[in-house]
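The structure appears right after this line, and notes come after that.
The residues of the chain are indexed from 1 along the displayed sequence. Just so you know, ligand 1 is whichever comes first in the structure, and atom 1 is the first atom listed for that ligand.
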Amino acid sequence: MAEVDLHLHTNQSDGRLTPAELIALVAARGLKVVAVTDHDITDGLEPALAAAVAHPQLTIIPGVELSTDIPGNEVHILGYYIRYEDLSFQATLARFRDDRVGRAQEMVRRLAEMGMPLEWEQVREIAGEGAIGRPHIAQALIEKGYVTGRQEAFDKYLGRNGPAYAEREKITPEEAVRLIASVGGVPVMAHPSYTDDLENVLEGLVAAGLKGMEVHYAQYDEKVRAGLAEVAERHGLIPCGGTDYHATDVEGEHLPGEIGPPMETVERLKALAEG
Ligand code: AMP
Ligand code: ZN
Ligand code: FE
Ligand code: FE
């Protein structure tokens, strides 16, 4: 068990637990520092911070995860210690979420064309009030009985090269790095091994202000982590990580704190945010 988990989702994006439920879980699991990192939304932060008041041993880092694109790959950029109250930042996130709605409707349209009609109302209800995403459409496909599980939904239809996949206008990872820096946050590349040509991508991102990358990521085995630790070191990046917990009930999902970076990582991130 780790004391630190810097990658967690709530039902404000595609996680299933409310912020308060997530905080109760991480406190019960003995975690000391966690970051709440929902996709394109920070509305889970204040309820999470409020819930954490009951657990003085637990510190919450305000975070976010931004979806960006480079040719051929999707790149996610995490931001830590962001001044999330910033109005212009919130307006930008709201625009990203609007784009998510249009793109989800397009995916629903394509699924209907393929003989799998979904009610938009149902998808909307699964997503709740926050950021809508493909996991919500996957859930609707399961509820309709078109697929038996989430992975099947992604493998057959919703994956990046799947027939129902729709793209939205995405910012570049460099833009995301600058956006996070503009609100005092520390930008970190999420799950880097999903990116081809990582070395080149990193060079551009470090030049734009990237400060860390995930190394201690739940879905990576020890060999991958060791390789990423070396890459991070070489590029002067703080090794970060966490479980990317969504509470999806998928068998084998890693629970918060099953893996995470050392406390030293938190100290380094904090020093940068304060510096
Ligand atoms: P979205 O934000 O709508 O692009 O959805 C991204 C989320 O979908 C990720 O955070 C993952 O949780 C999930 N996801 C993306 N690709 C896959 C995949 N191939 N298999 C399973 N889940 C996936
Ligand atoms: Zn997610
Ligand atoms: Fe991600
Ligand atoms: Fe994530």
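Counted by atom type alone, Asn73 and Thr195 present zero donor-acceptor pairs between their side chains at under 3.5 Å.
Within the 4.5 Å cutoff, the side chain of Ile23 has no heavy atoms near those of the Leu17 side chain.
With respect to the Zn ion (ligand 2), His39 has NE2 as its nearest N, O or S atom.
The aromatic rings of His39 and His9 sit parallel, their planes meeting at an angle under 30°, below the 60° perpendicular limit.
Here the protein contributes His7 NE2, His9 NE2, Glu65 OE1, Asp244 OD1 as N, O or S atoms under 2.8 Å from the Fe ion (ligand 4).
In this structure, Arg234 pairs ionically with Glu199, as a charged nitrogen and a carboxylate oxygen lie closer than 4.0 Å.
For His216, there are no side-chain hydrogen bond (donor to acceptor under 3.5 Å, both in side chains) partners, not counting sequence neighbours. With sequence neighbours excluded, the residues that form a side chain to side chain contact (heavy atoms under 4.5 Å, CB included) with Glu46 are Tyr84.
For the salt bridge (charged side-chain N to carboxylate O under 4.0 Å, His left out) condition, the pairs that include at least one residue of residues 128-144, sequence neighbours left out, are Glu74-Arg134, Glu119-Lys144.
Within the 2.8 Å limit, Asp14 places at least one N, O or S atom next to the Zn ion (ligand 2).
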